[in-house]
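Only one structure is covered here, and it is reproduced in the block below.
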Amino acid sequence: MRILVDAGSGSLANLQKYVSIHDLDAIWISHLHVDHCSDLVLAYYLAKYGISQREELLPVYGPPGWHDHICRSSVSERSLADFFQVHELHDGAQVAIGSTTVLTAIRTTHSVDTYGLRVTDGSATTIAYSADSASCEALGRIGHDATLFLCEAAVLDHSRESPANHLTPSEAAEWATRANASKLLLTHVRPDSNEKVVLELAGTLFGDEIHIAYEGDVFTY
Ligand SMILES: [Zn+2]
């Protein structure tokens with residue numbers, strides 16, 4: 001199953017090192033902050049003008065209004081429906097892809113409408129993604145018994161946020177612990193954050209199975 005989850009700047013270029021956009025089963029956009037969706041319009045242009053063509057529409061799941069939002073940012077397009085199949089998420093929405101993979105949307109607490117994601121494959125493997133979120137109960141449901149919990153840790157503290165919109169490493173670790181996740185992969189860690197401090201803050205609560213996500217990392221299950 002091949003799903004592009006969020007499409008921030010540079011993600012489409014990196015994606016093409018591994019898989020053609022035509023071989024994707026779906027795109028999932030958690031929310032419309034630009035660092036999570038800016039490459040979606042590029043994905044559309046690649047699907048439309050790329051050398052190879054895709055026979056079927058590519059399902060794209062995102063928050064309500066995502067289609068019009070992306071059209072406005074493309075300047076010239078009034079509709080993406082000639083290449084994208086438009087789906088809007090809501091809390092608890094479930095999407096089946098293929099015969100065994102199920103995607104579940106869970107709304108988080110963020111400054112805009114945002115949906116975390118659980119991906120189950122019909123066996124014991126669950127991949128969870130917090131999207132962007134302040135500390136909230138939804139994170140426990142997203143990460144519940146996850147094999148791998150990708151959880152944001154975008155701030156070291158909340159001194160520059162009012163209200164809080166993101167998680168600290170300690171909060172990410174707390175929710176991964178409460179959710180009983182097996183492995184914690186910290187995402188959205190800012191480049192100027194001290195990685196040693198980030199891991200120490202999270203590791204105090206969660207233990208050893210904790211990593212920071214780096215560009216190009218591969219995890220296999
Ligand atoms: Zn955001």
Side-chain angles (χ1 to χ4, degrees), residues 1 3 5-6 8 26 28-33 35-36 61-64 87-97 100-159 161-190 193 197-213 217 219 221:
M1 210 51 52
I3 305 164
V5 178
D6 278 349
W28 178 284
I29 301 297
S30 66
H31 66 299
L32 296 177
H33 279 157
D35 55 330
H36 292 256
Y61 300 88
H87 299 276
E88 295 190 339
L89 297 170
H90 59 85
D91 191 34
Q94 290 202 312
V95 177
I97 296 183
T100 59
T101 302
V102 176
L103 283 59
T104 303
I106 298 175
R107 182 183 284 117
T108 68
T109 299
H110 196 43
S111 56
V112 297
D113 200 13
T114 300
Y115 296 88
L117 170 66
R118 283 176 63 84
V119 183
T120 57
D121 70 349
S123 64
T125 303
T126 297
I127 307 298
Y129 170 54
S130 68
D132 281 4
S133 182
S135 183
C136 66
E137 167 277 336
L139 295 164
R141 288 186 284 132
I142 293 170
H144 180 65
D145 285 343
T147 314
L148 177 67
F149 188 11
L150 290 81
C151 191
E152 72 120 299
V155 295
L156 287 179
D157 57 57
H158 296 298
S159 60
E161 293 190 308
S162 182
N165 268 314
H166 291 283
L167 296 169
T168 67
S170 300
E171 289 170 333
E174 179 187 345
W175 281 110
T177 303
R178 290 170 68 167
N180 195 37
S182 298
K183 185 174 288 189
L184 173 60
L185 182 60
L186 297 172
T187 64
H188 220 316
V189 175
R190 299 184 184 207
S193 293
V197 171
V198 170
L199 288 174
E200 282 177 358
L201 287 170
T204 301
L205 291 169
F206 192 75
D208 294 336
E209 288 297 318
I210 182 166
H211 304 269
I212 294 175
D217 278 352
F219 293 82
Y221 290 95

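Sequence positions, counted from 1, serve as the residue numbers for this chain. Values below: every heavy atom of this structure, side chains too, minus hydrogens, waters and symmetry copies.
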Nearest 0.5 angstrom please: T168 OG1 to L156 CG, how far?
8.0 Å
One should read off an interatomic distance between S133 OG and L139 CG, to the nearest 0.5 angstrom, of 4.0 Å
Pair I106, D91 - check side chain to side chain contact (heavy atoms under 4.5 Å, CB included), show working.
CA-CA 5 Å; I106 298 175; D91 191 34; 4.1 Å; yes
Hey, could you give me the CD1/CD distance between I210 and E200, rounded to the nearest 0.5 Å?
11.0 Å
Hey, what do you get for CH2 (W175) to CZ (R141), rounding to the nearest 0.5 Å?
10.0 Å
Closest contact, heavy atoms only, G116 versus T108
N-CG2, 3.8 Å
Please find the pair of heavy atoms, one from W28 and one from Y115, that lie closest to each other, and give the distance.
NE1-O, 3.7 Å
With the side chain counted from C-beta on, respond yes when V119 and V5 share a heavy-atom pair under 4.5 Å apart, and no when they do not.
no
If only side-chain N and O atoms count, and only distance matters, is there a donor-acceptor pair under 3.5 Å linking T114 with D132?
no
At what distance, to the nearest 0.5 angstrom, does OG1 of T187 lie from CD1 of I212?
10.5 Å
Heavy atoms from other residues, nucleotides or ligands near NE2 of H158 exceed 12 (cutoff 6.0 Å):
yes
Closest non-hydrogen contact found for G143 with A181 is O-CB, 4.0 Å
Would you call L205 and S170 a side-chain contact if the rule is heavy atoms closer than 4.5 Å?
yes
Testing the 3.5 Å rule here: is there a donor-acceptor pair between the side chains of Y221 and D121?
no
So if I apply the ring pair (Phe, Tyr, Trp, His ring centres under 6.0 Å) rule between Y61 and each of H31, H87, H90, which one comes out positive?
H87
Between R190 and A154 (side chain of the first, backbone of the second, donor and acceptor by atom type, cut-off under 3.5 Å), is there such a pair?
yes
Note, D6 side chain near I29 side chain (heavy atom, < 4.5 Å):
yes
Minimum heavy-atom separation for A134 and A164, please, with both atom names.
CB-O, 3.3 Å
Backbone N/O of L167 and side chain of E152: donor-acceptor pair under 3.5 Å
yes
All heavy atoms of A176 vs all of F206, minimum pair found to be CB-CE1, 3.6 Å
If you count heavy atoms of other groups shown closer than 6.0 angstrom to CG of D217, is the number above 12?
yes
Give me the atom names and distance for the closest heavy-atom approach of A26 to I97.
CB-CD1, 3.7 Å
CG of L148 to CG of L185, rounded to nearest 0.5 Å, is 5.5 Å
